[in-house]
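Below is one structure, written out as structure tokens; the observations come after it.
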Amino acid sequence: MSALNWKPFVYGGLASIVAEFGTFPVDLTKTRLQVQGQSSDARFREVRYRGMFHALFRICREEGGRALYSGIAPALLRQASYGTIKIGIYQSLKRLFVDRMEDETLLINVICGVVSGVISSALANPTDVLKIRMQAQGSLFQGGMIGSFIDIYQQEGTRGLWRGVVPTAQRAAIVVGVELPVYDITKKHLILSGLMGDTIFAHFVSSFTCGLAGAIASNPVDVVRTRMMNQRAIVGSTELYKGTLDGLVKTWKSEGFFALYKGFWPNWLRLGPWNIINL
């Protein structure tokens, strides 16, 4: 296998792991903000956090600093698989179409981004389920990573491990289909227009721009995905949301439109630094 084939997978996986560890506390606040305020679930009905910083301080005060890394083990395992496959497929697919960055187009980048995002997120879904549940429940969550995987499988079957896989794939298609192309196109135009050279500053601007685009486009689906992955653990056998559309409609009707953008700021503020480290 040539170097061009394996390097994107290895480098993408390592970069994803480093990025995940560095931004994980912000991701945890996003999950906590997204699951709170559910009128149909008494356990998460209370609005305990007023925003990202309030959530960070309250979690530290009530649960300790270690709680900010609840779910880090499955999160890193997820990135080792999801990040490796996503970046590897994305870069490899692009090279099938064009040989140089200068020849890339928005359409090519979108197609490659969506395909890589859907495949990688679907394969890594069990790790995402466990991460979300550990983040949402914090100190209330019992058991280690391997034991929890086994417990989910025994209690809920294979379906439990792939709970929320459809909105997860949809979110990945949106995020990757928006973020990676926006990053590439933004950086390309910054460089070719002469506004900036191929510098770290151009990379920073491109990363935060693609993070903003990805957060705006994906946050509603991300809210539903988070709640679907967590719902079996908090309401027994009752399913609050039957699918993405059902979740979007119920959340909007019971909590208002802006509930679909719960956790937006930590979502964007995480995606910006995450993309800087990763890309």
Do any N or O atoms from the side chain of [X] and from the backbone of [Y] form a donor-acceptor pair under 3.5 angstrom?
| X | Y | answer |
| --- | --- | --- |
| Trp162 | Ala122 | yes |
| Thr29 | Val26 | yes |
| Arg133 | Met229 | yes |
| Arg225 | Arg171 | no |

Inset, instruction - State which residue, out of Arg227, Gln135, Gln137, fulfils the side-chain hydrogen bond (donor to acceptor under 3.5 Å, both in side chains) condition with Thr31. - result: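 Only one option passes, and that is Gln135.
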Legend entry - Among Thr226, Thr244, Asn125, side-chain hydrogen bond (donor to acceptor under 3.5 Å, both in side chains) partner for Thr168: Asn125
Spacing of [atom1] belonging to [X] relative to [atom2] belonging to [Y], to within rounding of 0.5 Å:
| X | Y | atom1 | atom2 | value |
| --- | --- | --- | --- | --- |
| Leu107 | Phe97 | CG | CZ | 8.5 Å |
| Tyr261 | Gln34 | OH | CD | 12.0 Å |
| Ser148 | Gln155 | OG | CD | 11.5 Å |
| Lys250 | Gln38 | NZ | CD | 11.5 Å |
| Asp151 | Leu130 | CG | CG | 10.0 Å |
| Glu63 | Arg61 | CD | CZ | 10.5 Å |

Do [X] and [Y] belong together in a cluster built from hydrophobic side chains that touch within less than 4.5 Å?
| X | Y | value |
| --- | --- | --- |
| Tyr241 | Val223 | no |
| Ile17 | Val175 | no |
| Leu192 | Tyr183 | no |
| Val98 | Ile191 | no |
| Val178 | Trp268 | no |

Atom [atom1] of [X] with >12 non-hydrogen neighbours under 6.0 angstrom:
| X | atom1 | answer |
| --- | --- | --- |
| Arg45 | CZ | yes |
| Arg66 | CZ | no |
| Asp103 | CG | yes |

Inset, instruction - Run the salt-bridge test on Lys262 and Glu255 with the 4.0 Å N-O cut-off and return the result as yes or no. - result: yes
Legend entry - Ionic contact status for Glu179 with Lys86, cut-off 4.0 Å: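 A salt bridge is absent here (no side-chain N lies under 4.0 Å from a carboxylate O).
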Inset, instruction - Determine the sole option in Leu56, Ile59, Ile72 for which the side chain to side chain contact (heavy atoms under 4.5 Å, CB included) test with Pro25 is passed. - result: Leu56
Inset, instruction - Could you check Leu190 against Ser206 for side-chain contact (heavy atoms from CB on, under 4.5 Å), going step by step and ending with a plain yes or no? - result: CA-CA 9 Å; Leu190 286 174; Ser206 301; 3.8 Å; yes
